[in-house]
Each structure stands twice: as C-alpha cells, then as structure tokens.
Student: 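Sharing a structure, written as structure tokens. Questions coming.
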Amino acid sequence: MAAGSNRQILLIETPKEKLAASNFKLDIGEIPSPKEGEALLKVKLISLDAANRAWMQGATYRSAVEAGTIMTGGAIAEVVESKSPDLKAGDIVFGDTGWQEYAALPARQLQKMERMEPLSHLLSVYGIAGLTAYHGLLDVGRPKAGDTVVVSAAAGSVGSIVGQIAKLKGCTVIGIAGGDEKCALLTKELGFDHAINYKKEAVGKALRAAAPKGVDVYFDNVGGDILEALLFNMNNYGRIACCGAVSQYDGAAPAHGPRGIPGLIVVKRLTMQGFILTDFNDKRAEALADLHSWVNAGKIKVREDILSGIENTPQALIGLLAGENVGKRMVRLD
Ligand code: NAP
C-alpha cells in the first residue's frame, strides 16, 4: 500500500503520579508496508483498559510501555493487505495495534474474529472483558447457587458482566461502584440485589447491612481499602478472585495495604487466587458459546461506552481511571 499519513499517540513520558494528557503526544507517522507473514491493519476500535495504566508501572505479564513509543493497546482492526496465507483483506482481527490508525503486524500475533454487528461486542462481552468476567467468576471464584457474591468496579466493563453471570447462577449479588447513578444502573437495570457507593458509604458497614450472613465470593477489581473491607466480611472458605487492583494503578503507591492478612485469611481459610485471562485459553470456545447464548436470551445486558477520534484516546484512559465510564470503554476510529 502506498505511504500515507498514520495518526498515532506516543507516550512521551512515563507518569510518576496521576496520568495526564501531557504524558502523551499526537504524532503523524507513515502507513507501514507489511513484510512477509504480516498484515496491514486499519484500526477500527481501540480498547481502553485500566491495565493500560498498569503497564506504565513496569513489566508484568507483558513488557512495560516505554516512553517515546506508540502507546500500547489492543484493538479490533480490519485487514487491508495481507502477506500471510492465514489472513485476507476484509478479515476482522484483534491484536495489539497500539494507539494508531494503521499497523503492520505478524499474522501469528493476531486473533481472527467473526465479523458481527455491532463490532464493538468483540471488545466488550465477547472480548477480554466478558471472558475475564466469565473465567474469573466461574473458574476462580467458583460460586454456588445461594452464595453471596460481591464485585468491585461493578459498573465497569468486567464488573458489570460478573454481577450478571453471578445472578444467572442463582447468587445474591452486591456491586460496589463510585456514584449513585452507577449504583442505580446496577440494581434497576442489571439485576444486582444491592449496590454500594464507595465514594459515599463506609464499605464495611454497608456490606454488613447488605450481606448479614457474610460474603462467599469476592471478585476483586480494585484492591486497596475495598479489598480490606471485604476480608473482614468474608465467610469461612470464601474465595477471592484477584482480577486487578485499579485503585493502585494511577499514582504513587498507596499509604497502606490491606490489614488483617494473618487473622483473616488464615483463620477463615480463604482462598485468594490471582489469574490472567490467557490462563483459560483452552476453554475460550465454551465460554464464548455461553456468553452468546446469555446475550441472545436477554440474560446479559451489554453496556458500552464508545468515544471517537484517535486524538481522544489519552483523555479516554484518564477518564476511565477516574470512573467516567459505564461498561466497556473504547474509541472508534473512522
Ligand atoms: P473498568 O472496570 O471498565 O473501569 C475501571 C473502573 O475502576 C472505573 O470505571 C472506576 O469505577 C473504577 N475505579 C477507578 N479507581 C478506583 C478506585 N480507586 N477504587 C475503586 N474503583 C476505582 O476497567 P477494566 O479495564 O475493565 O478493568 C477492570 C479490572 O479488571 C482492572 O483491575 C483490570 O486490571 C482487570 N482486568 C484483569 C484481567 C485479567 O486477566 N486478570 C483482564 C482484564 C481486566 P468507579 O466509578 O466505580 O470508581
């Protein structure tokens, strides 16, 4: 393909405190030419993830995002030219394109996706968010009918699906979210039994009122003080699915971590298990089949939060970390 302009967002400086627009710069590169085995992609929907910020803190399950490079991130893209026998023009793929309009990537690093309407569902319920909710809850949290399940960042992309799956499995579900509107969405639209606004209420006290018999499964998206409040409210043999710790991604390290580890985790025989979605790759087809059937039957409502324009991706991530989003946040490129 002939060279042309490719707008891209560079991380120009690794943030030491809160992420700011000044950490990024809009740049104009060239549309790359695919090499043998690669495909040239036109990016359609960029996924905004709390993890984007965590990747700036250092290497984790992936290498750190380095200052001076195109900001890393997953996206749904369309193949415009292919030099791989595995892909052809018009195919829809998911891959780490970074925050730019075009990318050339090896076909083996791309996941071919089914073209569907709306395409955004490939990033929300049928993407990382839905699959993380599914496996984290069912394979790690292992709820039984009648259990009390609590999920934090409950109005976010993963949390909103966790709560709905837990309801499908016959559990009492409590969501923790930052704001009255988010809490109303959880109980009035998404079928949660209770919602706690952690910005207004003391979480421990609110949990004792909403779950007088204690909590059996906690799906932890936030870590920090909310995790500590849950430790005090877990039942014996409770399970904590450690999905992430968004309260600790953006800024300096927290002043204190959860208290009560020996007394609470040991005495209550709790299981705390971290997980990364890719641990469950072999069960992906089964999970997707369940998610499709629940969405088609109206048992899971999909919430998406779609912004547009590559120039708005930095602010979209800053806003996600501040709790602006309801459901899966993404940026559409025209
Ligand atoms: P998201 O839940 O859609 O959005 C993040 C939400 O976190 C915000 O909307 C905000 O909602 C909440 N939040 C921000 N700061 C907070 C704080 N200090 N205390 C409590 N809540 C806070 O984002 P996401 O990308 O889907 O990520 C959710 C979690 O899943 C993250 O921990 C992420 O790392 C994890 N994750 C893990 C895997 C895995 O494989 N383990 C895969 C995907 C995602 P409020 O208004 O409620 O504050």
Side-chain angles (χ1 to χ4, degrees), residues 18-19 46-57 60-62 73-74 94 120 123-125 127-137 139-141 150-163 174-186 190 192 195-201 203 218-230 240-255 258 272-281 283-284 287 302-307 316-331:
K18 271 195 167 315
L19 187 66
I46 294 177
S47 177
L48 273 298
D49 296 281
N52 296 150
R53 177 67 182 88
W55 299 338
M56 297 172 191
Q57 292 178 326
T60 50
Y61 52 90
R62 51 154 298 140
F94 175 81
S120 53
L123 280 187
S124 58
V125 67
I128 288 174
L131 290 166
T132 300
Y134 182 98
H135 292 299
L137 180 68
D139 294 311
V140 182
V150 176
V151 57
S152 48
S157 73
V158 176
S160 60
I161 299 175
V162 168
I174 301 167
I176 302 177
D180 288 339
E181 270 179 43
K182 287 188 177 185
C183 288
L185 168 87
L186 298 179
L190 302 185
F192 286 50
I196 297 170
N197 177 355
Y198 75 91
K199 290 188 175 165
K200 215 162 87 175
E201 302 169 74
V203 174
Y218 172 46
F219 191 108
D220 185 19
N221 282 318
V222 306
D225 292 342
I226 293 178
L227 170 59
E228 180 177 304
L230 262 297
I240 301 179
C242 300
C243 178
V246 66
S247 73
Q248 291 167 35
Y249 295 166
D250 195 20
M272 279 181 87
Q273 187 185 333
F275 68 94
I276 296 294
L277 175 58
T278 46
D279 302 342
F280 302 99
N281 279 350
K283 295 169 99 175
R284 190 168 179 270
V302 184
R303 298 293 305 212
E304 295 175 339
D305 177 57
I306 306 179
L307 310 177
L317 179 58
I318 293 164
L320 177 137
L321 295 165
E324 264 175 19
N325 63 306
V326 173
K328 175 66 202 169
R329 176 160 275 199
M330 53 191 102
V331 169

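Quick caveat: nothing in here was measured; it's all calculated off a predicted structure. Whatever order the structure lists ligands and atoms in, that order sets their numbers, starting from 1.
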Student: Nearest to atom 13 (N) of ligand 1, what protein heavy atom do you find, and at what distance?
Tutor: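 Ranked first by proximity to atom 13 (N) of ligand 1 is Val246 CG1, 3.7 Å.
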
Student: Below 3.5 angstrom, do we get any N/O pair linking Tyr198 and ligand 1?
Tutor: yes

Student: Using 4.0 Å as the upper bound for N to carboxylate O, is an ion pair formed by Lys283 and Asp139?
Tutor: yes

Student: Is the closest heavy atom of Ala129 to ligand 1 under 4.0 Å?
Tutor: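 Not so, Ala129 does not reach ligand 1.
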
Student: Test your reading of the structure: does Ala50 have an N or O sitting under 3.5 Å from an N or O of ligand 1?
Tutor: yes

Student: Taking only residues two or more places apart in sequence or in another chain, which ones pass side-chain hydrogen bond (donor to acceptor under 3.5 Å, both in side chains) with Asp279?
Tutor: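 Per chain and number, Asp279 pairs via side-chain hydrogen bond (donor to acceptor under 3.5 Å, both in side chains) with no residue.
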
Student: Among all protein heavy atoms in this structure, tell me which lies nearest to atom 41 (N) of ligand 1, with the distance rounded to 0.1 Å.
Tutor: Phe275 O, 2.8 Å

Student: Look at ligand 1 and say whether Gly179 reaches it with a heavy atom at a distance under 4.0 Å.
Tutor: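 Contact absent.
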
Student: Does the pair Lys199/Asp180 count as a salt bridge with the N-to-O cut at 4.0 Å?
Tutor: no

Student: With only distance considered, is Asn221 within less than 3.5 Å of ligand 1 through an N or O on each side?
Tutor: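 Yes, Asn221 has an N/O under 3.5 Å of an N/O on ligand 1.
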
Student: Sequence neighbours left out, what passes salt bridge (Lys or Arg N to Asp or Glu O under 4.0 Å) with Glu324? Give chain and number order.
Tutor: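 Listed in chain order: Arg329.
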
Student: Report yes if some N/O of Asn325 lies less than 3.5 Å from some N/O of ligand 1; otherwise report no.
Tutor: yes

Student: Quick one: look up the protein heavy atom nearest atom 6 (C) of ligand 1 and list residue, atom name and how far away it is.
Tutor: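 Looking at atom 6 (C) of ligand 1, the protein heavy atom closest to it is Ala153 CB, 4.1 Å.
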
Student: Looking at ligand 1, does any of its N/O atoms fall within less than 3.5 Å of an N/O of Cys243?
Tutor: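 The answer is yes, given that Cys243 and ligand 1 share an N or O pair closer than 3.5 Å.
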
